[in-house]
There are 2 protein chains.
Amino acid sequence: MTEPWPRPRTEEENPSMPAQRPRGVSIQDVARAAGVSRQTVSNALNAPHKLRPDTLERVTALIEEMGYRPDQSARSLRSGTRRIIAYTTPETDPDNPNALMSGFLEAMVAAAGEAGYRILLVRPRPGQSKARALEDVIAARTADAILLSDVLEDDPCVDYLHETGFPFAVFGRTGPGRPQAWVDVDSAQAMIDMVGLLSSHGHRRVAYLGTSAALPWLRHREAGFRIGARRFGLAGHEAFVDGLDEVVAVARDLLNRSPRPTALVLDDDWLAPGAYAAAQAEGLTVGADLAVTGFNDMPYTRLLQPALTTVRLPLRRIADALVSRLLQSVEEGAPPEAGLLLAGDPVLRPSMTTLA
Amino acid sequence: MTEPWPRPRTEEENPSMPAQRPRGVSIQDVARAAGVSRQTVSNALNAPHKLRPDTLERVTALIEEMGYRPDQSARSLRSGTRRIIAYTTPETDPDNPNALMSGFLEAMVAAAGEAGYRILLVRPRPGQSKARALEDVIAARTADAILLSDVLEDDPCVDYLHETGFPFAVFGRTGPGRPQAWVDVDSAQAMIDMVGLLSSHGHRRVAYLGTSAALPWLRHREAGFRIGARRFGLAGHEAFVDGLDEVVAVARDLLNRSPRPTALVLDDDWLAPGAYAAAQAEGLTVGADLAVTGFNDMPYTRLLQPALTTVRLPLRRIADALVSRLLQSVEEGAPPEAGLLLAGDPVLRPSMTTLA
DNA sequence: CTAGGTCCTGTGAACGTTCATATCATCCGC
DNA sequence: GCGGATGATATGAACGTTCACAGGACCTAG
C-alpha cells in the first residue's frame with residue numbers, strides 16, 4: 001500500500017513547529033531507509049544503469065513501498081524542466097462553444113501524455129491580453145512550451161513568442177513572412193477531395209453553402225471548393241450565411257437555382273440540420289434526391305438522419321505533430337522551419353447519393 | 001517592453017559555464033536594481049501593505065520594467081502551494097467524445113482562473129490505473145487539489161482520495177456512506193420540472209425515450225420522469241434504446257402506443273435527431289403535432305429544426321461550487337460534509353407545443 | 001533629549017531536488 | 001601484490017523563493 005498524504009502535524013506531535021503545509025516522503029527519507037545516499041536514490045529513477053543491479057532493486061523496492069515521488073517543484077527548480085505544455089484555451093462564447101476543442105484537447109492530452117508531458121490550461125485573466133498571459137507563463141517558468149490554437153492572421157502572440165525564442169507551436173497556419181511553427185489541416189485539399197468524391201458519385205451540379213465569418217479556415221474551404229469544381233468540371237453556385245436564422249432560407253434559395261444542384265456542400269457541419277430542413281421543405285430527400293456534405297465530423301453528424309458525409313480532422317495526427325514539434329523546440333532549441341499540412345479524411349455516410 | 005526569454009548563454013559569454021537551461025530575471029536582480037532586499041521585492045508582490053508607498057511604487061515599477069515573475073517552481077517548493085487543480089480527464093472514446101467535457105472544462109477554467117488557479121489535465125498513462133495516476137499527482141505534489149468527474153458508484157478513486165485526506169471534489173454524486181465531496185445537477189428535479197412544463201402546456205400523455213446504459217444520471221432522469229408524471233397526473237410510457245441504430249424504430253413504436261402521446265421526453269439530447277426523424281416518419285410535425293424535449297443543452301440542439309426544448313446544465317455554477325469547495329478543502333483542511341445539488345434550467349424552444 | 005513604540009526592511013535558513021565532483025571499492029593485468 | 005583504470009556511491013552546492021526573526025529608522029510623548 002502507499003503512504004497517505006501526510007496531515008498537518010498537530011501541536012502535540014511537535015509543539016514548536018508552526019502550522020505549515022504537510023510534506024511527504026523525501027528523497028532523504030528513502031536514502032536513509034535504504035542505507036544509501038540521496039544521489040543513489042535519484043539515480044535509481046533518472047539513471048538506473050548507473051546502479052548495481054542489487055542496489056537498484058533494493059532502492060526501487062523501497063521507493064515503491066514508501067510511495068516516494070520526486071517533488072515536482074523541487075525537480076523543476078533544479079533541473080529547469082517542467083514537463084508541462086501550456087495551452088491557452090481560446091475564450092469561447094458559452095452559448096457557442098468551440099466544438100472542436102473537446103476532441104482536440106483529448107488528442108493533445110493523449111499525445112502529450114505519451115511523451116511524458118501534461119497540458120496546463122491557461123486563460124488570460126479578465127482584462128488581461130493573451131500575450132500578457134503568455135508572458136506570465138514564460139517569465140514564471142510555468143511550462144516548457146506553449147501551444148496556441150484558433151490564431152488569426154494578425155494575432156500578435158505568434159510574433160511575440162517567436163521573438164522571445166520560447167518553444168511554441170500553433171494549431172492553425174500563420175501567414176508567410178511570419179513564424180511557421182504551425183500544424184494545420186489542409187482544408188482546401190480536403191474540400192477538393194470532397195468535390196472529387198461527389199464527382200465520382202456522378203454529381204455534376206454542386207452548390208456551396210458557406211459561413212461568411214472571416215475565418216481563414218473557412219476561406220480555405222471555399223477556395224478548395226472552387227478549385228475542385230473547376231478541376232472536376234462541375235457547375236457550382238455559392239451562397240453564404242451570417243447566422244443561424246438564415247440557414248434554411250439561403251439553403252432553399254440555393255436548391256432553387258437552375259439547374260438545380262444535386263449536391264449541397266457545407267463548409268461546416270453546423271449548417272447540416274438547416275440544410276436537411278431546407279431539403280425537406282423543397283420536397284427533397286437527403287441521401288436520395290440530394291447529397292449533403294459537411295466539414296469537421298462533429299459527433300452529432302452521425303446522429304442526423306441520414307448520417308452526414310463529412311471531413312474528419314486527423315486530430316490525433318495533428319496532436320502528435322504538435323507535440324513532436326514542441327519537443328523538438330524544447331530539446332534542441334531549434335523551432336521547425338516550415339508549417340505542416342495534414343490531410344483530412346472524407347467520411348462517407350448515407351447523406352451521400354450516387355447518380356446514374 | 002518586457003524582457004525576452006533569455007537564450008542559453010554561449011561559450012563566449014561565459015566560457016566556464018556548461019550548457020544549461022536558461023534562467024530569467026530573479027528576485028535578486030530586481031532587489032539589486034531597486035536597491036532593496038529580496039524580501040522587500042517579495043513583499044511588494046505578496047504583501048504590498050507592508051511597504052511604504054514610495055518603495056512599493058519604485059519596486060513595482062521595476063518589477064514591471066524588468067518583467068520579473070516569481071519562479072513558479074521555487075515559489076511552490078518554498079510555500080508548498082501550487083495554485084493548480086488537477087483534473088483527471090475521463091478517457092473518452094475518440095468516436096464518441098464526452099459532449100459535456102468541452103463546456104464543463106470551459107467553465108472550470110474560468111471559475112478556477114478567477115480564484116487564481118489553473119487546471120492541469122492529468123491522464124493515466126497506458127496501463128496505469130486512474131487511482132495510480134492520482135497517487136502520482138499527490139506524491140509528486142503536482143497540484144493542490146484534484147477534481148474528478150464521470151465517477152461511477154464503485155469508483156475506488158473517491159475512497160482512495162478520501163483516505164489520503166488530499167483535497168478533492170467530484171462532479172457527479174457519490175452514494176451514501178461514501179465521501180460527499182460532490183456537486184451535481186439535480187437531474188431528477190430537472191426532469192420533474194420538464195414534465196411540469198409539458199403539463200402546463202396542456203400535455204396529458206407523455207412518452208419517455210431513454211438510454212439503457214447503466215449510468216447513474218440517466219437513472220435519476222428516469223426516476224424524475226416517473227415522479228413528475230405521477231405528480232402531474234400524466235399518462236406515461238417508457239422505452240429505452242441501446243444504440244444509435246435503434247432510436248428511430250423505438251421512438252416510432254412509442255409514438256404508436258395508444259393513446260398516442262403528445263410529447264416525447266428524451267433523457268439526452270443525442271436522441272433528438274432520431275426522435276425528429278421518427279416523428280416525420282409518423283407524419284407528425286415536431287413543434288406542432290408533437291412536443292420533444294431533451295436534456296443537456298448540447299450546442300447542436302439550437303441547430304435542429306425546430307430548435308429543441310431542453311435542460312441546460314448550470315455549468316458555471318457547478319464549476320464555481322466545485323472550485324469553492326476545493327479551495328475550502330485546501331485552505332481550511334476541512335472537506336465539505338454534504339453534496340450539493342444544483343437545479344437545471346429548462347430552456348423553452350420551438351420543439352415545445354401548446355395544447356388547447 | 002531620550003525611552004518606547006511602530007513600522008518597515010534586511011539576513012540567514014530552509015524547501016527537495018539534481019549537478020558537479022570527490023571518494024571509495026572493485027577488478028584486471030603484470 | 002600492486003598500480004591504474006573503471007565504475008558505483010557519497011558529498012557539497014545551487015536552483016529561486018518565502019518564512020522567521022533580527023535590526024533599523026522614524027515618530028511621539030514625557
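Note on naming: letters A, B, ... go to the chains in the order of the sequence lines (proteins, then strands), and numbering restarts at 1 for each one.
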Hey, can you pull the donor-acceptor pairs under 3.5 Å for the side chains in residues 115-125 of chain A, sequence neighbours left out?
residue, atom, partner, partner atom, Å
A:Arg123, NH1, B:Glu106, OE2, 3.1
A:Arg123, NH2, A:Thr89, OG1, 3.0
A:Arg123, NH2, B:Glu106, OE1, 3.4

Interatomic distance where [atom1] belongs to [X] and [atom2] belongs to [N] [whole Å]:
X: B:Leu51; N: D:dG24; atom1: CG; atom2: P; answer: 19 Å
X: B:Asp54; N: C:dC7; atom1: CG; atom2: P; answer: 17 Å
X: B:Leu45; N: D:dC19; atom1: CG; atom2: P; answer: 12 Å
X: B:Arg52; N: D:dC26; atom1: CZ; atom2: P; answer: 8 Å
X: B:Arg83; N: D:dT18; atom1: CZ; atom2: C1'; answer: 15 Å
X: B:Ile27; N: D:dT18; atom1: CD1; atom2: C1'; answer: 8 Å
X: B:Asn43; N: C:dC7; atom1: CG; atom2: P; answer: 15 Å
X: A:Arg141; N: D:dC15; atom1: CZ; atom2: C1'; answer: 10 Å

*Would you indicate which nucleotide in D:dT17, D:dG16, C:dT18 comes nearest to any side-chain atom of B:Leu77?*
D:dG16
*Go through D:dT17, C:dT18, C:dG16 for me and flag the one nearest to the A:Asp71 side chain.*
C:dG16
Cationic N near anionic O, under 4.0 Å, [X] to [Y]:
X: A:Arg32; Y: A:Asp29; result: yes
X: B:Glu163; Y: B:Arg178; result: no
X: B:Glu135; Y: B:Arg141; result: no

Phosphate OP1/OP2 of [N]: any [X] side-chain N/O under 4.0 Å:
X: B:Ser42; N: D:dT18; value: yes
X: B:Asn46; N: D:dT18; value: yes
X: B:Ser79; N: D:dT17; value: no

*Mapping B:Ala74 and B:Leu56 to their closest nucleotides on DNA chain C, which lands nearer the 5' end?*
B:Leu56
*What heavy-atom pair brings B:Asp71 and A:Arg82 nearest, and what distance separates the two atoms?*
OD2-NH2, 4.1 Å
*Difference in axis direction between the ends of the helix from C:dC1-D:dG30 to C:dC30-D:dG1, five pairs, 10°*: 50°
Could you list, one pair per line, each protein nitrogen or oxygen that sits under 3.5 Å from a nitrogen or oxygen of nucleotides 11-14 of chain C, together with the distance?
residue, atom, partner, partner atom, Å
C:dG12, N7, B:Arg38, NH2, 3.1
C:dG12, O6, B:Arg38, NH2, 2.6
C:dA13, N6, B:Arg38, NH2, 3.3

*B:Tyr87 pairs by ring pair (Phe, Tyr, Trp, His ring centres under 6.0 Å) with which of B:Phe171, B:Phe104, B:Phe168?*
B:Phe104
*asked:* How about CD on A:Gln28, more than 12 heavy atoms from neighbouring residues, nucleotides or ligands closer than 6.0 Å, or not?
replied: yes
_Tell me if the CD atom of B:Glu114 is crowded by more than 12 foreign heavy atoms within 6.0 Å._
yes
*Is A:Ser73 touching bases, backbone alone, or none of the nucleic acid, heavy atoms closer than 4.0 Å?*
nothing
*asked:* Do B:Val151 and B:Trp182 make a side-chain contact, defined as non-hydrogen atoms from C-beta onward lying under 4.5 Å apart?
replied: no
_Distance (rounded to the nearest 0.5 Å) between A:Gln128 CD and A:Leu134 CG_ = 9.0 Å
